[in-house]
Amino acid sequence: MPAASTAIQLALPAQVPAIAPAEPAAPPVIETATVTPAQVEEQIAYPTLAAAVADQSVRSDADEDLRCLAGAIYFEARGEPLSGQLAVAEVILNRTRSHRFGGSACDVVTQKGQFSFVRGGRMPAAPTNDDWRTAMAVAKVALKDAWESDAANALYFNHRRAGHANGVRVASIGNHIFYR
């Protein structure tokens with residue numbers, strides 16, 4: 001027995017209306033603003049201090065204050081965690097802002113009797129190694145205020161072996177204690 005077939009009929013209109021071509025859409029209006037590289041750097045938020053340090057370029061023609069700040073970080077805290085290195089930089093910058101210790105990082109670092117690595121008002125020559133590059137990068141992070149330090153209000157620090165200093169203890173990071 002043959003299978004029954006069913007036919008489906010569709011009703012179509014006699015004429016399909018023509019579709020008018022669409023008007024070309026106007027291009028979107030894009031407002032632009034001039035942004036300087038410094039503004040871009042200011043807007044960068046870092047997930048960690050290590051990321052902030054890693055993002056810093058280290059040029060050999062750095063200005064004198066950057067070199068003094070990096071030298072203090074290198075000679076005082078190169079074996080410390082990054083947060084301890086940043087805290088040392090923060091103390092030096094806080095001292096420049098207070099104007100009681102000198103008006104620049106170099107003035108603060110070379111002030112008589114403040115840092116044991118300074119001899120005759122001069123900083124020793126810094127080597128060109130990974131620790132120096134890290135110190136330069138930490139100094140840049142500190143100068144840009146790109147990361148909040150645990151010792152943000154400190155004006156003094158000393159090594160744990162040196163005993164307690166006068167002042168209110170702000171933080172203890174690595175082998176250093178920070179005071180205000």
Side-chain angles (χ1 to χ4, degrees), residues 30-99 101-110 114-118 123-162 165 167-180:
I30 300 173
E31 293 183 29
T32 60
T34 304
V35 179
T36 66
Q39 290 170 319
V40 170
E41 284 185 13
E42 288 175 12
Q43 295 175 359
I44 296 174
Y46 297 102
T48 64
L49 176 55
V53 169
D55 192 44
Q56 306 307 308
S57 64
V58 178
R59 299 182 356 222
S60 60
D61 63 338
D63 69 32
E64 193 64 22
D65 266 353
L66 176 62
R67 294 182 74 74
C68 286
L69 186 58
I73 294 165
Y74 179 84
F75 291 111
E76 284 290 332
R78 72 176 167 258
E80 297 295 313
L82 291 175
S83 58
Q85 293 180 42
L86 180 63
V88 166
E90 198 68 39
V91 166
I92 294 164
L93 294 176
N94 288 343
R95 286 180 171 197
T96 64
R97 289 181 203 111
S98 79
H99 296 290
F101 302 90
S104 71
C106 288
D107 291 345
V108 169
V109 171
T110 59
Q114 295 300 306
F115 291 91
S116 61
F117 62 87
V118 174
M123 291 198 26
T128 54
N129 60 26
D130 287 341
D131 288 338
W132 173 251
R133 285 185 285 280
T134 299
M136 287 286 285
V138 170
K140 284 185 166 188
V141 167
L143 286 168
K144 292 177 183 177
D145 202 18
W147 192 261
E148 185 67 31
S149 169
D150 291 337
N153 298 322
L155 284 173
Y156 309 93
F157 67 90
N158 65 341
H159 198 278
R160 287 184 190 279
R161 292 186 307 236
V168 176
R169 186 175 174 162
V170 174
S172 178
I173 305 168
N175 289 314
H176 289 90
I177 302 171
F178 298 86
Y179 305 92
R180 65 168 186 242

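The structure displayed is predicted, hence computed values, not measured ones. Just the heavy atoms: all of them, side chains too, but no hydrogens, waters or symmetry mates, feed the values below.
Closest approach of G174 to E80, counting heavy atoms only: CA-OE1, 3.0 Å. For the pair F178 and V88, the tightest heavy-atom approach, listed with the atom from each and the gap, is CE2-N, 3.9 Å. The heavy-atom pair separating I177 from S172 by the smallest distance is CG1-OG, 4.2 Å. Of all heavy-atom pairs between R169 and Y179, the closest is CA-CD2, 3.7 Å.
Between I173 atom CD1 and S83 atom OG the span is 5.0 Å, to the nearest 0.5 Å. How far CG of D65 is from CD1 of I92: 10.5 Å, rounded to the nearest 0.5 Å.
Residues satisfying the side-chain contact (heavy atoms from CB on, under 4.5 Å) test with P127, not counting sequence neighbours, are Y74, N129. Partners of L143 under the side-chain contact (heavy atoms from CB on, under 4.5 Å) rule, at least two apart in sequence or in another chain, are L66, L69, L93. Residues forming a side-chain contact (heavy atoms from CB on, under 4.5 Å) with A50 (at least two apart in sequence, or on another chain): T48, L82. Remark: R180 engages no residue in a side-chain hydrogen bond (donor to acceptor under 3.5 Å, both in side chains) (not counting sequence neighbours).
Evaluation of the side-chain hydrogen bond (donor to acceptor under 3.5 Å, both in side chains) test over residues 85-99, restricted to residues two or more places apart or in two chains, returns N94-R97, R95-Q114.
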Given side-chain contact (heavy atoms from CB on, under 4.5 Å), test E64 with S104 step by step and report yes or no. CA-CA 10 Å; E64 193 64 22; S104 71; over 6 Å; no

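The closest side-chain heavy-atom distance from F115 to M123 is not below 4.5 Å. The closest side-chain heavy-atom distance from R67 to C106 is not below 4.5 Å.
Counted by atom type alone, T134 and R78 present zero donor-acceptor pairs between their side chains at under 3.5 Å.
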Under 3.5 Å donor-acceptor pairs involving side-chain atoms of residues 149-156, not counting sequence neighbours:
| unit_1 | atom_1 | unit_2 | atom_2 | d |
| --- | --- | --- | --- | --- |
| S149 | OG | A151 | N | 3.0 |

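In this pair, H176 and H159 present their aromatic rings perpendicular. The plane angle is above 60°, beyond the 30 to 60° band.
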